[in-house]
Amino acid sequence: MPDKYIIDHHKIMFHPERLASWLKAKTNWEKAKKVYPIYVEISSSGLCNHRCKFCALDYLGYKGGFANFENLKRAIRDMAKGGVKSIQFGGEGEPLLHPKIKELVQYTKSQGLDISFTTNGTFLKEEILKDILPLVTWIKVSIDAGLSKTHMKIHRPKVQDFDIIMNNLKRAVEIKKATNAQCTLGGQMLLLPDNYKEAVILAEKLKKIGLDYLVIKPYSQHKKSITQEYKNLSYKKYLYLANKLEKLNSDKFQVIFRENTMEKLKKGRAYKTCHAVPFFWAYIMANGDVYTCSSFLGNEEFKLGNYNKKSFKEIWEGEERKRHWKFVRAKLNINQCRQNCRMDEVNSYLERLNNPSPHVNFI
């Protein structure tokens, strides 16, 4: 069954005007500075109630804190004016912990932006769901286990909350139906030696609950992560799961087994330059720091500024981004980048777009 959500590939071809602006920019900064991200990931909270074994951002030290409500609103307003189309609330903490997360969603929607969430699901409570479900495009819950005991081992919450998460998902489906909300509800499992035997179990549970999909994705080692337990993990012996999981697909539920991404772990990149940075996406930490890539949080080379000190427009069109733009084009060694990064498929596409074959006019 085709991946109708296009999760295992990219969607940048649906933004031809932005691509045209990028192509015209080339080495012209005055044009390049006006190319705003299509998508921005925002960390509304630096706090998290889980300590997942695979956490890529463990090196940041779980410093906590919440995004400044008023300043973030101003930044979101600037993003919308500049041409940003979507906001994902996720990041280094659990986004639903922000005390004004409902108000942030309402304001973001009022600016005409699409909204999504990645969450561990613990705080996906009824009082939040009723307000945000009609406004959000999708919510994806990282579960990573089919059984409570395994979830406790992998996510390491302070108290066991697997059943709480499952009940929250059931209630989410009920509220979605009752309010006729169009929000897509999905689950995600990072496939590991600890949980691969439970992939089918989780898929069966989520299908029964009424979720729209389950993503099964591979682990990718972050260059700075403290955790090294899953480094060099091979997925060859897990590929058999694709056929077993496909049997659960229906017109209402889909398992998206990211075999393409698993296979890419054994291959080299199809490009030598990162074309996507600093253009098509951005990442904002809970403290307000704006980065061009989530794989380099804490690296000053990738930090453009802080929305608590400057407007997002000043940050995106300012001297720090100009410096970074030059750095990426001339000095960035992509061997330092994370394998299968968020922009990998986008970069492969942009490489072909930027270096067309001599026969492209024979369509």
Side-chain angles (χ1 to χ4, degrees), residues 12 15 17-44 46 57 60 63 65-92 104 107-108 111-114 273-334 336-337 341-343 346-347 350 354:
I12 199 167
H15 304 277
E17 292 181 359
R18 199 69 54 93
L19 287 168
S21 296
W22 173 76
L23 282 167
K24 290 176 182 177
K26 294 291 184 176
T27 58
N28 186 322
W29 167 245
E30 290 305 312
K31 291 182 179 179
K33 74 180 184 180
K34 295 295 184 180
V35 182
Y36 271 62
I38 295 168
Y39 152 81
V40 178
E41 183 172 350
I42 295 177
S43 181
S44 57
L57 301 180
L60 293 175
K63 295 178 181 178
F66 296 117
N68 182 286
F69 180 61
E70 293 298 334
N71 291 346
L72 180 52
K73 283 170 59 180
R74 283 193 286 271
I76 289 171
R77 180 195 62 203
D78 280 354
M79 290 179 211
K81 288 181 178 179
V84 173
K85 293 180 179 293
S86 66
I87 299 292
Q88 178 187 318
F89 290 107
E92 71 260 30
L104 276 174
Y107 182 78
T108 303
Q111 298 303 297
L113 298 169
D114 292 340
T273 301
C274 181
H275 302 293
V277 171
F279 290 102
F280 297 107
W281 81 312
Y283 182 103
I284 301 180
M285 297 185 70
N287 68 358
D289 286 343
V290 178
Y291 285 84
T292 61
C293 179
S294 67
S295 292
F296 291 94
L297 301 183
N299 186 329
E300 292 294 317
E301 286 282 7
F302 289 79
K303 179 181 170 182
L304 304 184
N306 187 295
Y307 68 68
N308 292 305
K309 300 175 181 178
K310 292 183 179 180
S311 71
F312 188 83
K313 183 178 187 297
E314 289 175 310
I315 292 170
W316 198 254
E317 298 183 21
E319 287 301 311
E320 281 301 299
R321 181 164 170 256
K322 182 179 181 180
R323 170 199 58 77
H324 181 63
W325 171 69
K326 291 180 178 179
F327 164 77
V328 172
R329 289 170 54 241
K331 297 181 180 180
L332 176 63
N333 179 1
I334 63 169
Q336 299 173 350
C337 299
C341 73
R342 186 74 63 86
M343 291 292 115
V346 170
N347 271 321
L350 294 175
N354 203 40

Does a side-chain heavy-atom distance below 4.5 Å link [X] with [Y]?
| X | Y | result |
| --- | --- | --- |
| Phe296 | Glu301 | no |
| Leu19 | Leu350 | yes |
| Asn287 | Lys63 | no |

Report the distance from atom [atom1] of [X] to atom [atom2] of [Y], rounding to the nearest 0.5 Å.
| X | Y | atom1 | atom2 | value |
| --- | --- | --- | --- | --- |
| Cys274 | Met343 | SG | CE | 8.5 Å |
| Leu304 | Arg323 | CG | CZ | 7.5 Å |
| Tyr36 | Glu317 | OH | CD | 3.5 Å |
| Glu92 | Ser44 | CD | OG | 9.0 Å |
| Leu72 | Phe312 | CG | CZ | 11.0 Å |
| Leu332 | Cys337 | CG | SG | 4.5 Å |

With no hydrogens and no angle check, is any side-chain donor or acceptor of Trp281 less than 3.5 Å from a backbone partner on Ile38?
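It does not hold such a pair.
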Can any side-chain N or O of Trp325 pair as donor or acceptor with the backbone N or O of Thr27 at less than 3.5 Å?
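Not confirmed, Trp325 side chain does not pair with Thr27 backbone.
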Taking all non-hydrogen atoms of both residues, which atom of [X] and which atom of [Y] are closest, and how far apart?
| X | Y | result |
| --- | --- | --- |
| Thr273 | Val328 | CG2-O, 4.3 Å |
| Ala276 | Val346 | CB-CG1, 4.1 Å |
| Gly46 | Ala286 | N-CB, 3.5 Å |
| Asn308 | Gly288 | ND2-CA, 3.8 Å |
| Pro278 | Thr292 | CB-CG2, 3.6 Å |

Between Met79 and Ile42, does the side chain to side chain contact (heavy atoms under 4.5 Å, CB included) criterion hold? Intermediate values first, please.
CA-CA 12 Å; Met79 290 179 211; Ile42 295 177; 4.1 Å; yes
Between Asn354 and Lys26, is a side-chain hydrogen bond (donor to acceptor under 3.5 Å, both in side chains) present by the stated rule, with each step listed?
CA-CA 10 Å; Asn354 203 40; Lys26 294 291 184 176; 2.5 Å; yes
If we check side-chain contact (heavy atoms from CB on, under 4.5 Å) with Lys322, which of these qualifies: Glu320, His324, Lys326?
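Exactly one option meets the side-chain contact (heavy atoms from CB on, under 4.5 Å) with Lys322, and it is Lys326.
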Could you check Tyr307 against Arg74 for side chain to side chain contact (heavy atoms under 4.5 Å, CB included), going step by step and ending with a plain yes or no?
CA-CA 8 Å; Tyr307 68 68; Arg74 283 193 286 271; over 6 Å; no
Kindly determine whether Arg321 and Ile315 satisfy side chain to side chain contact (heavy atoms under 4.5 Å, CB included), including the steps that lead there.
CA-CA 7 Å; Arg321 181 164 170 256; Ile315 292 170; over 6 Å; no
Electrostatic pair Lys313-Asp78, nearest N-O below 4.0 angstrom
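Between Asp78 and Lys313 there is no salt bridge, as every charged N stays at least 4.0 Å from the carboxylate O atoms.
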State plainly whether the residues Glu41 and Arg342 are in salt-bridge range, i.e. N to O under 4.0 Å.
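Answer for the salt bridge query: yes.
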Going by the angle between their ring planes, with limits at 30° and 60°, are Phe302 and Phe327 parallel, tilted or perpendicular?
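Phe302 and Phe327: perpendicular rings.
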Should the ring pair Trp22 and His275 be called parallel, tilted or perpendicular, given that the plane angle runs from 0 to 90° and is split at 30 and 60?
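Answer is perpendicular, since the angle exceeds 60°.
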Other residues, nucleotides, ligands: >12 heavy atoms within 6.0 Å of Lys33 NZ
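Correct, the count exceeds 12.
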Considering the options His15, Lys85, Gln88, which one meets the side chain to side chain donor-acceptor pair (under 3.5 Å) requirement together with Tyr39?
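The side chain to side chain donor-acceptor pair (under 3.5 Å) with Tyr39 is passed solely by Gln88 among His15, Lys85, Gln88.
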